[in-house]
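See below for the structure under consideration.
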Amino acid sequence: MIVILKKDPDQRQLDSLKAWLKAKGIDVHESTGIHQTILGLIGDTTTIDINLLNALEIVEDVKRVQEPYKKCNRKFHPEDTVIKVGDTQVGGGTLTMIAGPCAVESEEQIVSIAKLVKASGATMLRGGAFKPRTSPYSFQGMREEGIRLLEIAKAETGLPIVTEIMDASQLDCFENVDVIQVGARNMQNFELLKVLGKTDKPILLKRGLANNYQEFLMSAEYIMAGGNEKVILCERGIRTFETYTRNTLDIALVPSMKQLSHLPVIIDPSHAAGKYALVPSLSYAAVAAGADGLIIEVHCDPEHALSDGPQSLKPKLYDEVAAKCRSIHAVVNGGAV
(Lines give C-alpha, C1' and ligand atoms only; values in the text may rest on other atoms or scores of the structure.)
Protein backbone atom coordinates (compact mmCIF):
# COMPACT_ATOMS: atom_id res chain seq x y z
CA MET A 1 0.00 0.00 0.00
CA ILE A 2 1.21 3.52 -0.73
CA VAL A 3 0.01 6.75 0.86
CA ILE A 4 0.51 9.88 -1.24
CA LEU A 5 0.72 12.98 0.94
CA LYS A 6 -0.37 16.48 0.09
CA LYS A 7 2.31 19.09 -0.58
CA ASP A 8 4.11 20.31 2.56
CA PRO A 9 2.28 18.03 5.06
CA ASP A 10 2.10 19.12 8.68
CA GLN A 11 5.04 17.41 10.40
CA ARG A 12 3.18 16.68 13.64
CA GLN A 13 0.32 15.03 11.76
CA LEU A 14 2.83 13.05 9.69
CA ASP A 15 4.71 11.85 12.78
CA SER A 16 1.42 10.84 14.38
CA LEU A 17 0.39 8.88 11.27
CA LYS A 18 3.70 7.03 11.09
CA ALA A 19 3.58 6.19 14.81
CA TRP A 20 0.04 4.82 14.42
CA LEU A 21 1.07 2.66 11.45
CA LYS A 22 4.16 1.33 13.21
CA ALA A 23 2.05 0.45 16.25
CA LYS A 24 0.04 -1.78 13.92
CA GLY A 25 3.20 -3.59 12.87
CA ILE A 26 3.55 -1.76 9.55
CA ASP A 27 7.01 -0.81 8.28
CA VAL A 28 6.86 2.73 6.84
CA HIS A 29 9.22 3.61 3.98
CA GLU A 30 9.21 7.39 3.37
CA SER A 31 10.22 8.72 -0.04
CA THR A 32 10.46 12.49 -0.39
CA GLY A 33 10.60 13.80 -3.95
CA ILE A 34 10.69 17.29 -5.42
CA HIS A 35 6.92 17.59 -5.69
CA GLN A 36 5.46 15.04 -3.27
CA THR A 37 6.10 12.68 -0.39
CA ILE A 38 5.07 9.03 -0.51
CA LEU A 39 4.77 6.57 2.36
CA GLY A 40 5.26 2.95 1.37
CA LEU A 41 3.52 0.63 3.81
CA ILE A 42 5.14 -2.80 4.08
CA GLY A 43 3.59 -5.62 6.08
CA ASP A 44 0.08 -6.93 6.59
CA THR A 45 -1.94 -3.94 5.39
CA THR A 46 -5.25 -5.86 5.22
CA THR A 47 -6.23 -4.37 8.58
CA ILE A 48 -5.62 -0.78 7.40
CA ASP A 49 -8.81 1.07 6.44
CA ILE A 50 -8.15 2.93 3.17
CA ASN A 51 -11.16 5.21 3.73
CA LEU A 52 -9.79 6.21 7.13
CA LEU A 53 -6.42 7.13 5.61
CA ASN A 54 -8.06 9.05 2.76
CA ALA A 55 -9.96 11.12 5.30
CA LEU A 56 -6.78 12.45 6.92
CA GLU A 57 -5.99 16.09 6.24
CA ILE A 58 -2.44 15.46 5.04
CA VAL A 59 -3.34 12.57 2.67
CA GLU A 60 -3.84 13.11 -1.06
CA ASP A 61 -4.50 9.50 -2.11
CA VAL A 62 -4.09 5.86 -1.03
CA LYS A 63 -3.43 2.91 -3.35
CA ARG A 64 -2.90 -0.79 -2.85
CA VAL A 65 0.16 -2.30 -4.54
CA GLN A 66 -0.27 -5.78 -5.99
CA GLU A 67 3.38 -6.55 -6.83
CA PRO A 68 5.21 -8.66 -4.20
CA TYR A 69 8.31 -6.43 -4.40
CA LYS A 70 7.87 -3.22 -2.43
CA LYS A 71 11.13 -1.44 -1.63
CA CYS A 72 12.44 -1.61 -5.21
CA ASN A 73 9.02 -0.73 -6.68
CA ARG A 74 8.80 2.62 -8.46
CA LYS A 75 5.33 3.14 -7.00
CA PHE A 76 6.98 3.36 -3.57
CA HIS A 77 9.84 5.53 -4.78
CA PRO A 78 8.96 7.63 -7.88
CA GLU A 79 12.36 9.35 -8.04
CA ASP A 80 15.28 7.48 -9.63
CA THR A 81 17.78 6.14 -7.11
CA VAL A 82 21.32 7.49 -7.46
CA ILE A 83 24.10 5.44 -5.88
CA LYS A 84 27.35 7.15 -4.90
CA VAL A 85 30.54 5.18 -5.44
CA GLY A 86 33.68 7.06 -4.42
CA ASP A 87 33.86 10.23 -6.50
CA THR A 88 31.40 8.94 -9.10
CA GLN A 89 27.81 7.73 -9.13
CA VAL A 90 25.47 5.26 -10.81
CA GLY A 91 22.18 6.73 -12.08
CA GLY A 92 21.00 10.31 -12.10
CA GLY A 93 21.88 10.91 -15.76
CA THR A 94 25.44 9.62 -15.46
CA LEU A 95 26.78 7.03 -17.92
CA THR A 96 28.74 4.66 -15.70
CA MET A 97 31.54 2.87 -17.56
CA ILE A 98 32.89 -0.17 -15.70
CA ALA A 99 35.73 -1.96 -17.47
CA GLY A 100 38.51 -4.43 -16.85
CA PRO A 101 39.50 -8.07 -17.31
CA CYS A 102 37.26 -11.02 -16.59
CA ALA A 103 39.87 -12.31 -14.15
CA VAL A 104 42.78 -10.76 -12.28
CA GLU A 105 45.91 -12.61 -13.46
CA SER A 106 48.85 -10.57 -12.16
CA GLU A 107 49.73 -7.15 -10.73
CA GLU A 108 51.20 -5.99 -14.04
CA GLN A 109 48.09 -7.13 -15.95
CA ILE A 110 45.46 -5.49 -13.73
CA VAL A 111 47.39 -2.24 -13.18
CA SER A 112 48.14 -1.76 -16.89
CA ILE A 113 44.52 -2.44 -17.89
CA ALA A 114 43.25 -0.12 -15.14
CA LYS A 115 45.38 2.74 -16.46
CA LEU A 116 44.26 2.15 -20.04
CA VAL A 117 40.53 1.95 -19.34
CA LYS A 118 40.72 5.02 -17.12
CA ALA A 119 42.36 6.92 -19.98
CA SER A 120 39.38 5.85 -22.11
CA GLY A 121 36.92 7.30 -19.63
CA ALA A 122 36.07 4.29 -17.46
CA THR A 123 34.79 5.33 -14.05
CA MET A 124 35.20 1.96 -12.29
CA LEU A 125 37.48 -1.06 -12.60
CA ARG A 126 36.10 -4.60 -12.79
CA GLY A 127 38.12 -7.76 -12.25
CA GLY A 128 37.31 -11.24 -11.01
CA ALA A 129 39.20 -12.54 -7.99
CA PHE A 130 36.82 -15.38 -7.09
CA LYS A 131 35.75 -17.01 -10.36
CA PRO A 132 32.67 -19.28 -10.60
CA ARG A 133 33.43 -21.61 -13.51
CA THR A 134 31.32 -24.29 -15.13
CA SER A 135 34.24 -26.72 -15.14
CA PRO A 136 36.03 -27.56 -11.88
CA TYR A 137 39.26 -27.79 -13.93
CA SER A 138 39.09 -24.19 -15.19
CA PHE A 139 40.97 -21.28 -13.61
CA GLN A 140 39.12 -20.42 -10.40
CA GLY A 141 40.69 -17.00 -9.81
CA MET A 142 43.44 -15.71 -7.53
CA ARG A 143 40.94 -15.30 -4.67
CA GLU A 144 42.26 -13.14 -1.78
CA GLU A 145 45.45 -12.33 -3.69
CA GLY A 146 43.31 -11.13 -6.60
CA ILE A 147 41.51 -8.64 -4.36
CA ARG A 148 44.86 -7.41 -3.04
CA LEU A 149 45.98 -6.75 -6.62
CA LEU A 150 42.73 -4.92 -7.36
CA GLU A 151 43.46 -2.71 -4.36
CA ILE A 152 46.89 -1.93 -5.82
CA ALA A 153 45.28 -0.98 -9.15
CA LYS A 154 42.82 1.25 -7.27
CA ALA A 155 45.70 2.97 -5.46
CA GLU A 156 47.48 3.51 -8.80
CA THR A 157 44.48 4.90 -10.69
CA GLY A 158 41.87 6.03 -8.16
CA LEU A 159 39.24 3.86 -9.86
CA PRO A 160 36.68 2.24 -7.53
CA ILE A 161 36.78 -1.55 -7.85
CA VAL A 162 33.98 -3.99 -8.67
CA THR A 163 34.42 -7.71 -8.05
CA GLU A 164 32.24 -10.76 -7.49
CA ILE A 165 31.49 -12.52 -4.21
CA MET A 166 30.55 -16.20 -4.33
CA ASP A 167 29.83 -17.00 -0.69
CA ALA A 168 29.00 -15.08 2.49
CA SER A 169 32.13 -16.53 4.13
CA GLN A 170 34.25 -14.38 1.79
CA LEU A 171 32.77 -11.08 2.95
CA ASP A 172 35.73 -10.11 5.16
CA CYS A 173 37.92 -10.05 2.03
CA PHE A 174 35.68 -7.36 0.51
CA GLU A 175 36.33 -4.65 3.11
CA ASN A 176 38.10 -2.40 0.58
CA VAL A 177 35.97 -3.37 -2.42
CA ASP A 178 33.73 -0.49 -3.54
CA VAL A 179 30.96 -2.47 -5.31
CA ILE A 180 30.21 -6.12 -4.57
CA GLN A 181 28.97 -8.06 -7.57
CA VAL A 182 26.50 -10.93 -7.26
CA GLY A 183 26.80 -13.16 -10.32
CA ALA A 184 23.98 -14.70 -12.33
CA ARG A 185 24.46 -18.07 -10.64
CA ASN A 186 23.95 -16.50 -7.21
CA MET A 187 20.99 -14.26 -8.06
CA GLN A 188 18.73 -16.56 -6.03
CA ASN A 189 21.24 -17.45 -3.33
CA PHE A 190 18.90 -15.91 -0.79
CA GLU A 191 21.11 -16.52 2.24
CA LEU A 192 23.93 -14.59 0.54
CA LEU A 193 21.52 -11.80 -0.41
CA LYS A 194 20.36 -11.54 3.22
CA VAL A 195 23.95 -11.11 4.38
CA LEU A 196 24.62 -8.45 1.75
CA GLY A 197 21.45 -6.70 2.86
CA LYS A 198 23.18 -6.01 6.18
CA THR A 199 26.19 -4.35 4.54
CA ASP A 200 26.48 -0.71 3.50
CA LYS A 201 28.20 -1.37 0.18
CA PRO A 202 26.59 -0.98 -3.27
CA ILE A 203 25.58 -4.35 -4.70
CA LEU A 204 25.70 -5.02 -8.45
CA LEU A 205 23.07 -7.73 -8.90
CA LYS A 206 23.18 -9.72 -12.15
CA ARG A 207 20.07 -11.32 -13.57
CA GLY A 208 20.02 -15.12 -13.61
CA LEU A 209 20.22 -17.09 -16.84
CA ALA A 210 16.55 -18.10 -16.77
CA ASN A 211 14.85 -15.62 -14.44
CA ASN A 212 11.98 -13.30 -15.30
CA TYR A 213 11.67 -9.66 -14.29
CA GLN A 214 9.67 -10.30 -11.12
CA GLU A 215 12.15 -12.90 -9.89
CA PHE A 216 15.00 -10.48 -10.60
CA LEU A 217 13.33 -7.72 -8.61
CA MET A 218 12.47 -10.09 -5.78
CA SER A 219 16.19 -10.84 -5.44
CA ALA A 220 16.86 -7.10 -5.23
CA GLU A 221 14.09 -6.95 -2.62
CA TYR A 222 15.96 -9.49 -0.46
CA ILE A 223 18.95 -7.15 -0.28
CA MET A 224 16.84 -4.04 0.31
CA ALA A 225 14.69 -5.74 2.95
CA GLY A 226 17.86 -6.22 4.99
CA GLY A 227 18.43 -2.46 5.02
CA ASN A 228 20.82 -2.00 2.08
CA GLU A 229 19.09 0.04 -0.61
CA LYS A 230 22.23 0.49 -2.76
CA VAL A 231 21.32 -2.04 -5.44
CA ILE A 232 22.36 -1.81 -9.11
CA LEU A 233 20.50 -4.08 -11.52
CA CYS A 234 22.55 -5.71 -14.28
CA GLU A 235 21.29 -7.51 -17.37
CA ARG A 236 23.92 -9.91 -18.77
CA GLY A 237 21.88 -11.99 -21.18
CA ILE A 238 19.57 -14.94 -20.68
CA ARG A 239 19.62 -18.48 -22.01
CA THR A 240 17.40 -19.06 -25.05
CA PHE A 241 17.36 -21.55 -27.92
CA GLU A 242 19.90 -19.43 -29.84
CA THR A 243 23.43 -20.85 -29.83
CA TYR A 244 25.30 -18.34 -32.00
CA THR A 245 25.78 -15.98 -29.06
CA ARG A 246 26.75 -17.01 -25.55
CA ASN A 247 23.45 -15.65 -24.23
CA THR A 248 20.62 -13.48 -25.57
CA LEU A 249 20.77 -9.85 -24.45
CA ASP A 250 17.34 -8.67 -23.32
CA ILE A 251 17.43 -4.97 -24.25
CA ALA A 252 13.74 -4.68 -23.33
CA LEU A 253 14.75 -5.11 -19.71
CA VAL A 254 16.11 -1.54 -19.63
CA PRO A 255 12.87 0.39 -20.32
CA SER A 256 10.88 -2.27 -18.45
CA MET A 257 12.92 -1.84 -15.28
CA LYS A 258 12.69 1.92 -15.62
CA GLN A 259 8.90 1.50 -15.38
CA LEU A 260 8.86 -1.15 -12.67
CA SER A 261 11.68 0.05 -10.42
CA HIS A 262 13.62 3.13 -9.34
CA LEU A 263 16.96 1.28 -9.21
CA PRO A 264 19.71 2.05 -11.75
CA VAL A 265 20.17 -0.46 -14.59
CA ILE A 266 23.41 -1.35 -16.34
CA ILE A 267 24.17 -3.79 -19.16
CA ASP A 268 26.91 -6.41 -19.50
CA PRO A 269 27.29 -6.90 -23.27
CA SER A 270 30.40 -9.09 -22.90
CA HIS A 271 28.67 -12.06 -21.25
CA ALA A 272 25.64 -11.64 -23.49
CA ALA A 273 27.67 -11.78 -26.69
CA GLY A 274 30.49 -14.16 -25.87
CA LYS A 275 32.23 -12.68 -28.94
CA TYR A 276 34.17 -9.43 -28.82
CA ALA A 277 33.00 -8.35 -32.30
CA LEU A 278 29.39 -8.15 -31.07
CA VAL A 279 30.14 -6.16 -27.92
CA PRO A 280 30.30 -2.69 -29.56
CA SER A 281 26.85 -2.92 -31.20
CA LEU A 282 25.23 -4.32 -28.06
CA SER A 283 26.82 -1.52 -26.03
CA TYR A 284 25.42 1.15 -28.36
CA ALA A 285 21.97 -0.44 -28.25
CA ALA A 286 22.03 -0.54 -24.45
CA VAL A 287 22.94 3.15 -24.13
CA ALA A 288 20.33 4.10 -26.72
CA ALA A 289 17.72 2.16 -24.73
CA GLY A 290 18.47 4.25 -21.66
CA ALA A 291 20.85 2.09 -19.63
CA ASP A 292 22.64 3.87 -16.78
CA GLY A 293 25.92 2.20 -17.60
CA LEU A 294 27.93 -0.66 -19.07
CA ILE A 295 30.26 -3.26 -17.59
CA ILE A 296 32.65 -4.41 -20.35
CA GLU A 297 35.52 -6.89 -20.28
CA VAL A 298 38.87 -5.52 -21.52
CA HIS A 299 42.16 -7.40 -21.82
CA CYS A 300 45.51 -6.43 -23.38
CA ASP A 301 46.13 -9.98 -24.63
CA PRO A 302 42.73 -11.69 -24.91
CA GLU A 303 44.18 -14.58 -26.94
CA HIS A 304 46.05 -15.71 -23.82
CA ALA A 305 43.54 -14.61 -21.15
CA LEU A 306 42.91 -17.15 -18.40
CA SER A 307 39.16 -16.49 -18.57
CA ASP A 308 36.70 -15.28 -21.26
CA GLY A 309 39.28 -14.03 -23.72
CA PRO A 310 37.00 -14.38 -26.79
CA GLN A 311 34.54 -11.79 -25.44
CA SER A 312 37.14 -9.27 -24.22
CA LEU A 313 37.91 -6.04 -26.07
CA LYS A 314 41.44 -4.87 -26.60
CA PRO A 315 42.10 -1.42 -25.08
CA LYS A 316 42.14 0.39 -28.42
CA LEU A 317 38.71 -0.95 -29.40
CA TYR A 318 37.36 -0.20 -25.92
CA ASP A 319 38.54 3.39 -26.32
CA GLU A 320 36.52 3.70 -29.54
CA VAL A 321 33.44 2.03 -28.02
CA ALA A 322 33.53 4.20 -24.90
CA ALA A 323 33.75 7.40 -26.96
CA LYS A 324 30.82 6.41 -29.16
CA CYS A 325 28.76 5.39 -26.12
CA ARG A 326 29.27 8.82 -24.59
CA SER A 327 28.09 10.42 -27.84
CA ILE A 328 24.95 8.26 -27.95
CA HIS A 329 24.28 9.00 -24.29
CA ALA A 330 24.51 12.73 -24.98
CA VAL A 331 22.02 12.47 -27.83
CA VAL A 332 19.59 10.32 -25.82
CA ASN A 333 19.71 12.83 -22.99
CA GLY A 334 19.17 15.83 -25.24
CA GLY A 335 22.72 17.13 -25.22
CA ALA A 336 25.07 18.06 -28.03
CA VAL A 337 27.42 15.47 -29.50
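Note that the structure is predicted; figures quoted are calculated from it, not measured. For the numbers below, each heavy atom of this structure counts, side chains included, while hydrogens, waters and symmetry mates do not.
- Using a 4.5 Å heavy-atom threshold, the side chains of Ser120 and Pro315 count as separate.
- A donor-acceptor pair under 3.5 Å is absent between the side-chain atoms of Lys24 and the main chain of Thr45, judged by distance alone.
- Between the Thr199 side chain and the Val195 main chain, no donor and acceptor come within less than 3.5 Å of each other.
- For the pair Gln109 (side chain) and Ala103 (backbone), a donor-acceptor distance under 3.5 Å is present.
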- Task: Start with the C-alpha distance between Ile38 and Phe76, add both sets of side-chain angles, then the distance that settles side chain to side chain contact (heavy atoms under 4.5 Å, CB included), and finish with yes or no.
- Result: CA-CA 7 Å; Ile38 289 178; Phe76 276 53; 5.6 Å; no
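- In this structure, Ile238 shares a hydrophobic cluster with no other residue, the cluster being traced through Ile, Leu, Val, Met, Phe, Trp and Tyr side chains under 4.5 angstrom apart.
- Taking the ring centre of Tyr222 as origin, the terminal cationic atom of Lys71 falls outside the region bounded by 6.0 Å and 45° from the ring axis.
- Nearest heavy-atom pair, Cys102 versus Ser307, reported as atom, atom and distance to 0.1 Å: SG-OG, 3.0 Å.
- Side-chain N or O atoms of Ser16 include none that pairs as donor or acceptor with a backbone N or O of Arg12 at under 3.5 Å.
- Looking only at side-chain heavy atoms (C-beta outward), Leu249 and Ile251 come within less than 4.5 Å of each other.
- Looking at every heavy atom in both residues, Ile98 comes nearest to Leu125 through CG2-C, 4.4 Å.
- Atom CD1 of Ile180 sits about 11.0 Å away from atom NZ of Lys230, to the nearest 0.5 Å.
- To the nearest 0.5 Å, atoms CD1 (Ile42) and CG (Asp27) are separated by 5.0 Å.
- Contact record, Glu67 with Val65: OE1-CG1, 3.1 Å, taken as the closest heavy-atom pair.
- For the pair His262/Pro78, no side-chain contact is recorded, criterion being any heavy-atom separation below 4.5 Å from C-beta on.
- Residues Cys72 and Val231 fail the side-chain proximity criterion, which asks for heavy atoms closer than 4.5 Å.
- Judged purely by atom type and a 3.5 angstrom limit, Asn247 uses its side chain to pair as donor or acceptor with the backbone of His271.
- Taking the side chain as every heavy atom from C-beta outward, Tyr284 and Cys325 approach each other to under 4.5 Å.
- Ile296 is not connected to Ile232 by any chain of hydrophobic side-chain contacts under 4.5 Å among Ile, Leu, Val, Met, Phe, Trp and Tyr, and they are in different clusters.
- For the residue pair Arg246 and Gln311, a side-chain donor N or O sits within less than 3.5 Å of a side-chain acceptor on the partner.
- Lys201 places a side-chain N or O within 3.5 Å of a backbone atom of Val177 that can act as its donor or acceptor partner.
- Annotation: the span from Leu159 atom CG to Met97 atom CE amounts to 12.5 Å, rounded to 0.5 Å.
- Hydrophobic cluster membership for Ile48: Met1, Val3, Leu5, Leu14, Leu17, Trp20, Leu21, Ile26, Val28, Leu39, Leu41, Ile50, Leu52, Leu53, Leu56, Ile58, Val59, Val62 (Ile, Leu, Val, Met, Phe, Trp, Tyr linked by side-chain heavy atoms under 4.5 Å, directly or transitively).
- Residues Pro101 and Ile110 are in side-chain contact: their nearest non-hydrogen atoms beyond the backbone lie under 4.5 Å apart.
- The shortest non-hydrogen separation linking Leu149 to Ser106 is CD1-C, 3.7 Å.
- The closest side-chain donor-acceptor pair between Arg126 and Ser270, if any, does not fall under 3.5 angstrom.
- Leu193 has its side chain within reach of Ser219: a pair of non-hydrogen atoms, C-beta onward, lies under 4.5 Å apart.
- Between the side chains of Asn73 and His77, not a single donor N or O lies within less than 3.5 Å of an accepting N or O.
- Between the OG1 atom in Thr88 and the CE atom in Met124 there is a gap of 5.5 Å [rounded to 0.5 Å].
- No side-chain donor-acceptor contact under 3.5 Å links Thr94 to the backbone of Val90.
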- Message: Let's go through Glu229 and Thr81 carefully: what are the C-alpha distance in whole Å and the side-chain angles of both, what is the deciding distance for side chain to side chain contact (heavy atoms under 4.5 Å, CB included) to 0.1 Å, and is it a yes or a no?
- Response: CA-CA 9 Å; Glu229 299 190 353; Thr81 287; over 6 Å; no
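- When all heavy atoms of Phe130 and Cys173 are compared, the pair lying nearest together is CZ-SG, 4.4 Å.
- No more than 12 heavy atoms of other residues, nucleotides or ligands sit less than 6.0 Å from atom CD of Glu57.
- At least one side-chain heavy atom of Val111 sits under 4.5 Å from a side-chain heavy atom of Ile152.
- Asn228 places a side-chain N or O within donor-acceptor distance of the main-chain N or O of Leu196, the cut-off being under 3.5 Å.
- Every pair passing side chain to side chain donor-acceptor pair (under 3.5 Å) that includes a residue from residues 146-164 is listed here, sequence neighbours excluded: Glu145-Arg148, Glu151-Asn176, Lys154-Asp178, Glu164-Gln181.
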- Between Asp80 and Arg74, does a salt bridge (charged side-chain N to carboxylate O under 4.0 Å, His left out) hold up when you go through it step by step? CA-CA 8 Å; Asp80 288 343; Arg74 185 171 287 280; 2.5 Å; yes
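- Taking Asp10 as the reference, nothing meets the salt bridge (charged side-chain N to carboxylate O under 4.0 Å, His left out) condition, with sequence neighbours excluded.
- Within 6.0 Å of the NZ atom in Lys314, the count of heavy atoms belonging to other residues, nucleotides or ligands does not exceed 12.
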- Going through the checks in order, is the side chain to side chain contact (heavy atoms under 4.5 Å, CB included) test met by Leu294 and Thr96? CA-CA 6 Å; Leu294 299 165; Thr96 298; over 6 Å; no
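- No donor-acceptor distance shorter than 3.5 angstrom exists from the side chain of Gln259 to the backbone of Pro255, with no hydrogens or angles considered.
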- Task: May I have the step-by-step check of side chain to side chain contact (heavy atoms under 4.5 Å, CB included) for Tyr276 and Ser312, ending in yes or no?
- Result: CA-CA 5 Å; Tyr276 82 90; Ser312 300; over 6 Å; no
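- Grouping the Ile, Leu, Val, Met, Phe, Trp and Tyr side chains by contacts below 4.5 angstrom, directly or via other members, places Val182 with Leu253.
- With sequence neighbours excluded, no residue forms a salt bridge (charged side-chain N to carboxylate O under 4.0 Å, His left out) with Glu108.
- Evaluation of the salt bridge (charged side-chain N to carboxylate O under 4.0 Å, His left out) rule for Lys118 yields no partner, not counting sequence neighbours.
- Heavy atoms from other residues, nucleotides or ligands lying under 6.0 Å from CG of Asp200 number 12 at most.
- Note that the CD1 atom of Ile165 and the CG atom of Asn186 stand 9.0 Å from one another [nearest 0.5 Å].
- No side-chain donor-acceptor contact under 3.5 Å links Glu30 to the backbone of Thr32.
- Val162 and Ile203 sit in two unconnected hydrophobic clusters of ILVMFWY residues. Membership requires side-chain heavy atoms under 4.5 Å apart, directly or through other members.
- Each of Lys206, Arg207, Arg236 was evaluated against Asp268; a single residue qualifies, Lys206, per the side-chain hydrogen bond (donor to acceptor under 3.5 Å, both in side chains) test.
- Note on Ile295: it does not cluster hydrophobically with Val321, by side-chain heavy-atom contacts below 4.5 Å among ILVMFWY residues.
- Of the inter-residue distances, the one linking Ser327 atom OG with Leu95 atom CG reads 10.5 Å to the nearest 0.5 angstrom.
- Using modelled atom types, one finds no donor on one side chain facing an acceptor on the other under 3.5 Å when comparing Lys131 with Gln140.
- Nearest heavy atom pair, residue Asn211 against residue Gly208, reads OD1-CA, 3.2 Å.
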